[in-house]
Amino acid sequence: MAPTNRSPFRRTLALLAGTALLANVGAGGIAHAQTTPAPAVPEQAAPAPAAPQPTPLSPAAVAPAAPPLQMTAPTNGPASVADLAEGLLDAVVNISTSQNVKDDEGAGPAPRAPDGSPFQEFFNDFFNKQQGNRAPNHNVSSLGSGFVIDPSGYIVTNNHVIEGADDIEVNFANGTKLKAKLIGTDTKTDLSVLKVEPKQPLKSVKFGDSSVMRIGDWVMAIGNPFGFGGSVTVGIISGRGRNINAGPYDNFIQTDAAINKGNSGGPLFNMKGEVIGINTAIISPSGGSIGIGFAVPSELASGVVEQLREYGETRRGWLGVRIQPVTDEVADSLGLDSARGALVAGVIKGGPVDDGSIKAGDVILKFDGKPVSEMRDLPRVVAESPVGKQVDVVVLRDGKEQTVKVTLGRLEDSDQAAAGDNSDDDGVINPDPGENNDMDQPDQDGDQGQTAPDGQGPQQQDQGQNHQGPNQHGQNQQGQDKATTDQATPKHVLGLSLSLLSPETRKAFGIAESVDGVVVTEVSPGSAAAEKGLKPGDVIVEVAQEFMKSPDAVASKVQSLKQEGRRNAQMMIAAANGDLRFVAVPME
């Protein structure tokens, strides 16, 4: 057997471990000897000891004895937050609401006993009495929390606390009760601003900067859980940037400070007494706190509150694009080092970037100096920007980063609804294959005008060629003959059977006249294209940001991408109604 050579480093580690073990045993023995009484020596004479043998003295034998181990019990717990809480309690209020509900709302027909039943008379008398005691209308009450942000009487709370209320009453810590008026509300961030008319200036608190808060920082919540007003709980920030699908601008702070029903709308303080969050939601199978609560960060809430105070409504910036996530496959097809940014799937007609400054196929990497790490970052930073502001937008286009200047418009919720826009704010949607029903109606002219690399639509290019001389016309005729051949013999690329668009194929798949490109007639089951959601009737508009005129062009472009070492082919796909999306189809 060959000898095994241990490295000096491993031997050193083993030696150190052994030394530590011996030291622990020795120390334990000393401590035990000092804390355990020695046994009594018997009075009878002991036998003579044997002659001592000379032995070398070890260092442990001559080392001084270690002092006895002593355990001191702490006299105090963690640092108290009583002083901090005492200065904030007066600024936190309880909010009670009442809503007048008609008697027939939500009430079903009164139960009846079967005819001939021995209990019929008793049963009917009981429910008739109950119906007779109930007033035509009755009030439904709810409780929540809020906090004063201005001594003159402005109060912030959650929209869901006061939504639908006919009467809002604010209860202060000193027992004062004041009627409140709704100044403005924003359903997308679940925030509302109220106004009371106090006789004297109120105790108020101010917003802090939630962006500087870190996971593990201490926070304190004050609110009205289960009607117990002025309740204080303490915890830490458990997470940041949480998306709980509550709205288009989800960026919640997660905390383990106890938050329960009735805490909604209450403040989440840092240890300076500044509001860095507004408690909004909890995850709770039982209805009580399990240590997972969420608060709207002040970096988002402060701007919304200011707009509600000033205008009674929100005035958000609007970019006017439709976007989708940048997946690993899309990033690879575009040459991005990682999956980041927001991929522009389309531009809304008449929007701020309908001038061509941003085009379908661009990847937005930065907006106004702020990085766009993922798709959902873009709607939030756009909405937080002032209307009319000119901002720099960094996009990836044709494999290169470019900076374009954009002047933001104003997002008009009413106008979007009137236009049949079912998308999220900022014209932003996620045009996945299964979500086409939620998309905007396509920009028939604007989007198609962006399909070619030079910004000209395919129809405009064809018109330009038709105005050339006879030789050009002859080339066009040859192209038409070749197109007829292509149509008769579809190409098979990446599991897709492709054909030219024709009146017959348009009619067969219900493809709109505004859609141009190469139609998918069949998709091989189990192929990569099928896994990406492509289906017969889809139209390939672009491959790698180049407009496709024929099946041959698609096959040629895919082959060139393979030769370049690309693993995915990025395709702009149009649905039959014109909705656009990008799909990265693996070529391996």
Side-chain angles (χ1 to χ4, degrees), residues 211 248-249 251 299-300 303 306-307 314-326 330-331 334-338 340-413 415-416 419 421 423-429 431 440 442-443 445-457 460 542 545-547 570 572 580 582:
S211 65
Y249 310 125
N251 187 30
E299 57 188 302
L300 173 62
E306 189 61 33
Q307 289 187 3
T314 53
R315 298 186 177 182
R316 294 187 169 96
W318 183 46
L319 191 59
V321 294
R322 296 190 288 269
I323 61 174
Q324 68 181 72
V326 177
V330 170
L334 294 174
L336 276 172
D337 54 352
S338 61
R340 56 192 174 95
L343 178 61
V344 179
V347 177
I348 296 177
K349 185 176 182 180
V353 297
D354 192 27
D355 57 358
S357 53
I358 294 180
K359 301 179 180 180
D362 290 346
V363 177
I364 298 177
L365 301 176
K366 287 185 179 180
F367 181 88
D368 199 17
K370 300 175 183 177
V372 180
S373 301
E374 54 183 322
M375 182 193 73
R376 70 186 185 94
D377 292 339
L378 184 62
R380 185 171 60 252
V381 296
V382 171
E384 292 173 356
S385 302
V387 176
K389 181 180 181 180
Q390 189 178 65
V391 298
D392 289 335
V393 181
V394 178
V395 301
L396 182 73
R397 181 182 299 167
D398 298 328
K400 298 179 181 179
E401 291 190 11
Q402 302 180 25
T403 300
V404 297
K405 290 190 176 295
V406 173
T407 302
L408 294 180
R410 178 184 172 187
L411 177 66
E412 298 285 357
D413 291 341
D415 290 349
Q416 293 290 331
D421 182 5
S423 66
D424 289 338
D425 276 335
D426 194 38
V428 170
I429 57 174
D440 296 308
D443 175 4
D445 298 324
D447 282 350
Q448 293 302 318
Q450 296 170 10
T451 55
D454 61 357
Q456 299 296 320
Q460 294 171 339
E542 293 181 1
Q545 297 183 324
E546 289 186 15
F547 175 70
Q570 185 199 24
M572 177 191 283
L580 297 176
F582 284 90

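The figures here come from the full heavy-atom set of this structure, side chains too, leaving out hydrogens, waters and symmetry mates.
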CZ on Phe547 to CD on Glu542, rounded to 0.5 Å: 8.5 Å
Which atom of Leu300 lies closest to which atom of Tyr249, heavy atoms considered: CD2-O, 3.7 Å
Thr407 versus Pro352, closest heavy-atom pair with distance: O-CB, 3.4 Å
Heavy-atom pair of closest approach, residues Ala360 and Ala345: CB-O, 4.0 Å
Gap separating the CZ atom of Arg380 from the CD atom of Glu299, nearest 0.5 angstrom: 7.5 Å
Pairwise side-chain contact, Leu365 with Arg340, heavy-atom cut-off 4.5 Å (strictly under): yes
CA sep, side-chain torsions, deciding dist, call: Ile364, Val395, side chain to side chain contact (heavy atoms under 4.5 Å, CB included): CA-CA 4 Å; Ile364 298 177; Val395 301; 4.1 Å; yes
CZ on Arg410 to CH2 on Trp318, rounded to 0.5 Å: 12.0 Å
Polar side-chain atom of Asp377 near backbone of Glu374 as donor-acceptor pair, under 3.5 Å: yes
Close side-chain approach of Leu343 and Gln570, heavy atoms under 4.5 Å: yes
Separation between CD1 of Ile358 and CZ of Arg397, rounded to the nearest 0.5 Å: 8.0 Å
Minimal non-hydrogen separation, Gly399 against Leu396, with atom names: C-CD1, 3.6 Å
Pairwise side-chain contact, Asp392 with Lys405, heavy-atom cut-off 4.5 Å (strictly under): yes
Gln324 side chain to Phe582 backbone, donor-acceptor under 3.5 Å: yes
Closest approach of Asp368 to Lys389 (non-hydrogen atoms, all atoms of both residues): OD2-NZ, 2.7 Å
Minimum heavy-atom distance between Ser338 and Ala331, given as atom pair plus value: O-CB, 3.6 Å
Reported CZ-to-CG distance for the pair Arg315 and Leu411, which is rounded to 0.5 angstrom: 13.0 Å
Leu319 CG to Ile348 CD1 distance, which is reported to the nearest 0.5 Å: 9.0 Å
